[in-house]
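Please read these numbers as outputs of a predicted model, since none were measured by experiment. Quick note: numbers below take in every heavy atom, side chains included, and nothing from hydrogens, waters or symmetry partners.
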Amino acid sequence: MAAVVAISSSCSLPLHSLHQQKHLTFRPITLSLPEKTVTQLTKLPIRKIPGDYGLPLIGPLKDRFDYFYNQGKNEFFKSRIQKYKSTIFRTNMPPGPFISNNPNVIVLLDGKSFPTLFDVSKVEKKDLFTGTFMPSTELTGGYRVLSYLDPSEPNHSKLKQLLFILLSSRRDHIIPKFHETYTELFETLDTEIAEKGKADLNSGNDQASFNFLAKSLYGVNPVETKLGKEAPTLIGKWVLFNLHPVLTLGLPKVLDDLILHTFRLPPGLVKKDYQKLYDFFYENSGMILNEAEKLGISRDEACHNLLFATCFNSFGGMKIIFPNMMKSIAKAGSDLHTRLRNEIRTAVNSAGNGGWKITMEKMEKMPLMKSVVYEALRIDPPIASQYGRAKHDLTIESHDAAFEVKKGEMLYGYQPFATKDPRIFTRPEEFVPDRFVGEEGEKLLKHVLWSNGPETENPTVENKQCAGKDFVVLVSRLLVTEFFLRYDTLDVDVGTSPLGAKITITSLKRA
């Protein structure tokens, strides 16, 4: 929920326990848009996996510099697809020396092979959340938290169930607390634009996201506690210590690589920051900690998992998804803005249905808005990378060939290539707002994979699909709906940050 870069597993807090609630069933979208269909190939030639790992030390270092500095992520993968004439090949993934012992992976870069990474009957997910390395457990209270557990481990089921219980118990607070918190954000943006002629969306969204999560899930306004407004800064530092081996900060490349990718940053440097966050969650999670004890989880272990799920997964997801979504909507232009505001205002102001109050039922009557959210998640998936280790010898198919994988080999997928597969999606690189509208559009949802699983499937205690898949979709829909109830249109400037797009709003037209 997403810092969620190069991670592979449960991503946020849960709404799965509400799948049975009628008012939260995401119904089919009701218009139509033709798309290509995927031809199922039944007899494919067996091909040796192309590529190699190079010489020890030299090969991984060369690939690391290509990935971060010489080529960048997209060109790194694109150039190798062209070189090997295959979307499946061997390479090394960062960080390599001297943080990860074995950087060797088999890369899956098409929409057909990529879902292998979700099949826990074929791949093991133990300690692979961040890839070929695992951060020190000193950063998580000495525990391997849920994201690093394989479903075969006993604690996986207990901890995932605990997250389901948390959100189920707080479901009635999500919509009103989102409205309250993001109205405050919009008022801040209005003031900044009036005074400065522009507004920084990212910093405001960071504070609003944490405040919303704290209010809706824990019933407390962090600003009124000892934590105050510190949470986004504290989380940012802590996440950096977790993810620095797979991030770049834009420093001169030799310095950037030496600081971030060669040795681990000492966890002790963020111990006090982490303790402040832990104290906040322990003091405001009494009910859910009681539930943890009933499940056989200690209060201490449960609190560290709640902190991780809220701060790393959920806050991290909202930190990435919301700016990316507003970037895509803004760049799509005024025609889309007109269509969205007309659809949203008509549905929300429907006669005899509570006036200008957002409900799940009303949002189900917004096919374009729902499609826009799915398209944003397709084109900019917050979780870029997934990993899995083959449990046994496998045969994995791309669109054109089959490849034999040996037990124990590491599989890696870079999701933006899988969700822009031209054999599945027409105009795959374009943001197409109504791509998922209608019967044909609805069929494509199985290829929306941001949640570590297809959009058409649900998280369970037996799989590694994002525990908060529906929660993310819900709050993303709420953002778009709340925005176009208040504004007619917007203009933005788009920059980059270590975690997604950096958005500066240059104009907002009030409704």
Side-chain angles (χ1 to χ4, degrees), residues 1-16 24 26-29 33 35 111 114-115 117-118 178 205 209 313-332 336 340 363-364 366-386 413-421 424-425 427-437 441-459 464-481 483 499-501 503:
M1 137 112 68
V4 188
V5 171
I7 62 179
S8 63
S9 184
S10 302
C11 74
S12 123
L13 288 167
L15 204 58
H16 169 265
L24 284 181
F26 295 156
R27 301 182 183 89
I29 302 171
L33 181 73
E35 280 281 359
F114 192 92
L117 292 159
F118 308 145
F178 192 94
N205 177 64
S209 294
N313 301 143
S314 299
F315 171 81
M318 294 171 74
K319 179 183 179 70
I320 293 173
I321 292 169
F322 285 7
N324 282 346
M325 190 170 301
M326 296 311 295
K327 170 198 69 176
S328 294
I329 290 172
K331 293 301 183 182
L336 173 63
L340 278 171
M363 285 194 291
E364 286 301 330
M366 305 176 190
L368 177 61
M369 179 277 289
K370 292 191 291 181
S371 179
V372 162
V373 167
Y374 287 134
E375 179 70 343
L377 291 169
R378 178 196 73 86
I379 205 162
D380 284 313
I383 303 174
S385 301
Q386 278 86 16
Y414 185 61
Q415 189 177 144
F417 276 56
T419 56
K420 295 173 187 172
D421 187 336
I424 294 173
F425 295 102
R427 298 153 62 194
E429 298 291 334
E430 295 182 36
F431 181 83
V432 180
D434 44 6
R435 187 184 297 278
F436 299 101
V437 171
E442 189 82 7
K443 292 176 182 177
L444 290 169
L445 287 175
K446 67 181 179 181
H447 301 294
V448 177
L449 310 172
W450 69 270
S451 66
N452 201 33
E455 190 61 31
T456 50
E457 295 182 10
N458 296 320
K464 289 301 290 182
Q465 189 164 20
C466 174
K469 178 175 80 78
D470 289 349
F471 177 80
V472 173
V473 172
L474 172 58
V475 297
S476 298
R477 291 179 177 182
L478 285 171
L479 176 69
V480 179
T481 301
F483 184 87
L499 299 173
I503 304 300

S.K.: With a 4.5 Å heavy-atom cut-off, do I320 and I383 have their side chains touching?
M.R.: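 No, side chains not in contact.
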S.K.: To the nearest 0.5 Å, what is the distance between CD (E455) and CG (L377)?
M.R.: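 Answer for the CD-CG pair, E455 versus L377, is 7.0 Å.
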S.K.: If you define the side chain from C-beta out and look only at heavy atoms, does anything of R378 sit under 4.5 Å from K420?
M.R.: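 Of all side-chain heavy-atom pairs linking K420 with R378, at least one is under 4.5 Å.
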S.K.: Return the minimal non-hydrogen interatomic distance between Q465 and P454, and the atom names on each side.
M.R.: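 Closest heavy-atom pair between Q465 and P454: NE2-O, 3.0 Å.
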S.K.: Does L479 reach the side chain of F178, with side-chain heavy atoms less than 4.5 Å apart?
M.R.: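 Result yes, sub-4.5 Å side-chain heavy-atom pair found.
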S.K.: If every non-hydrogen atom of P416 is compared with every non-hydrogen atom of A384, which pair is closest and at what distance?
M.R.: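 Scanning both residues completely, I find the closest heavy atoms to be CD-O, 3.6 Å.
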S.K.: If you look at every heavy atom in V373 and V473, which pair is closest and at what distance?
M.R.: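 It is CG1-O, 4.4 Å.
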S.K.: Can you name the closest pair of heavy atoms from T481 and M366 and give their distance?
M.R.: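 Looks like OG1-SD, 3.8 Å.
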S.K.: Take the angle between the ring planes of F114 and F118 and call it parallel below 30°, perpendicular above 60°, tilted in between.
M.R.: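 Perpendicular, since the angle between the ring planes exceeds 60°.
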S.K.: I would like to know whether K370 and R477 meet side chain to side chain contact (heavy atoms under 4.5 Å, CB included); could you show each step before the answer?
M.R.: CA-CA 7 Å; K370 292 191 291 181; R477 291 179 177 182; 3.4 Å; yes
S.K.: Report yes if the side chains of H447 and T419 come closer than 4.5 Å at any heavy-atom pair, otherwise no.
M.R.: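 They are not in contact (no side-chain heavy atoms under 4.5 Å apart), so the answer is no.
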S.K.: Determine whether Q415 and Q386 make a side-chain contact, defined as any pair of heavy atoms from C-beta on separated by less than 4.5 Å.
M.R.: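 Counting from C-beta outward, Q415 and Q386 do come under 4.5 Å.
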S.K.: Side-chain contact test, heavy atoms from C-beta onward, threshold under 4.5 Å: evaluate it for N452 versus K469 and give yes or no.
M.R.: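 A side-chain contact under 4.5 Å is absent here.
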S.K.: Can you tell me how far the CD atom of E430 sits from the CZ atom of F425, to the nearest 0.5 Å?
M.R.: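 Spacing of CD (E430) from CZ (F425) equals 13.5 Å.
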S.K.: Would you mind reporting whether F431 and K331 have side-chain heavy atoms less than 4.5 Å apart?
M.R.: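 Side-chain contact under 4.5 Å: no.
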S.K.: Where is the tightest heavy-atom contact between P323 and I503, given as atom of each residue plus distance?
M.R.: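 Taking every non-hydrogen atom into account, O-CG1, 3.6 Å.
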S.K.: Quick one: which of V432, L444, I329 gives a side-chain contact (heavy atoms from CB on, under 4.5 Å) with E375?
M.R.: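 So, applying the side-chain contact (heavy atoms from CB on, under 4.5 Å) to E375 and each of V432, L444, I329, only V432 qualifies.
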S.K.: In sequence, state the C-alpha distance, the side-chain angles, and the governing distance for S451 and V472, and then conclude on side chain to side chain contact (heavy atoms under 4.5 Å, CB included).
M.R.: CA-CA 9 Å; S451 66; V472 173; over 6 Å; no
S.K.: To check you understand the geometry: which heavy-atom pair defines the closest contact between D421 and G111, and what is its length?
M.R.: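 Shortest heavy-atom contact: OD2-N, 2.8 Å.
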S.K.: Keeping N324 on the side-chain end and A501 on the backbone end, is there a donor-acceptor pair under 3.5 Å?
M.R.: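 Yes, the answer is positive, given that a donor and an acceptor are paired below the 3.5 Å cut-off.
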S.K.: What's the separation between atom CE in M325 and atom CG in D380, rounded to the nearest 0.5 Å?
M.R.: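 If we round to the nearest 0.5 Å, M325:CE and D380:CG are 9.5 Å apart.
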